[in-house]
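Right, one structure below, let's go through it.
Numbering of ligands and ligand atoms starts at 1, following listing order.
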Amino acid sequence: MAARTASVGVDVDSLCHYYRIHGLDESAATNAAWEVGVPRFLDLFAQVGVPATFYCIAEDLETEGNVARVRHLADLGHEVGNHTLHHRYDLSRLGPEEMLDEVSTARAVLEAAAGAPVVGFRAPGYNTSARLISTVFQTGHLYDTSVFPCAPYYLAKAGVLGWMRLRGRESRSILGSPRVLVAPSDPYEMSSSNPHRRGLQGGIQYPVSVAAGVPLIGTAFTALGRGPSLAATQVGLRLRNHLTIEFHAVDLLGLDDDSLDPALGMQPDLKVSVEKKYVIFKAVLDMVARHARVERLDTLVRERGAMT
Ligand SMILES: [Zn+2]
């Protein structure tokens, strides 16, 4: 069955979180993800004519102007989703009280800023667990979109973390369960004991889409270029009921374009020009919008609820 629906998400991770991933001093981090990256995505989505979901970190709203930026997204018709309070990469391993605080306080902060209900959740680093999922659904969320069943991503992360350990550097990131690799690719009702399996009453999961072995995410589109990105997206449109496409706000930043700290060159996609990335992303989204109905995930979840 061809994809009937698609959704587009943007994780708005401030630059400080990238410094933390790479174990670098974060005092040089700027607010460019919010000030520059988000407006470029808003322009892209307006050009293509699609709504999106911006998964926001509540802590980032302490930076001046970011509360107004969240409200602006919502006023333009985009969804605001929960990307936790502090973007702790070890969220799935925290104790119950700390975990609850990360999920539920963030939701309250983001709802106040957006002036709209926040019902979608994405975990930092795509690491989830049965306990985290149950916390997410107990705190008023209607869907989760943290599962990323992508072997190349998982193996690359395992490799980077191992390499950093060898060099005596500590990353804040964790690898997570390999069970993610056998998770379903289309949206599914999760088992309450294992979020990577189908089941009953565990809540609805929208896994990040992978097609022809290619994750449908901004960094992969940048690495592959326009042709292969379109080819993978086309496979996804043929094979999946729904495509969950994912970007990060920094995907539309450039080291040179935006005079970023050269230390951030550890993220290779930041070395690619913004114009080049914009052209690739627009081609992918134009193709998706031609073949599927692109909706906010909160809209699709409510439609699904109304049908059952
Ligand atoms: Zn993130």
field: Parallel, tilted or perpendicular, as decided by the 30° and 60° cut-offs, for the rings of His248 and Tyr18
entry: perpendicular
- request: Fit a plane to each ring of Phe247 and Phe221, take the angle between them on a 0 to 90° scale, and name the class: parallel (under 30°), tilted (30 to 60°) or perpendicular (over 60°).
  value: tilted
Asp286 and Arg290 ion-paired at < 4.0 Å: no
- request: Take His141 and Tyr143 through the ring pair (Phe, Tyr, Trp, His ring centres under 6.0 Å) test and state the conclusion after the steps.
  value: CA-CA 6 Å; His141 298 88; Tyr143 73 90; 8.5 Å; no
message: Which residue in the set Leu44, Val36, Asp43 passes side chain to side chain contact (heavy atoms under 4.5 Å, CB included) when paired with Arg40?
response: Val36
Contacts of the Zn ion (ligand 1) with protein N/O/S atoms, counting only those under 2.8 Å: Asp13 OD1, Asp13 OD2, His83 NE2, His87 NE2
message: For the residue pair Arg122 / Thr145, report whether a side-chain donor-acceptor contact shorter than 3.5 Å exists.
response: yes
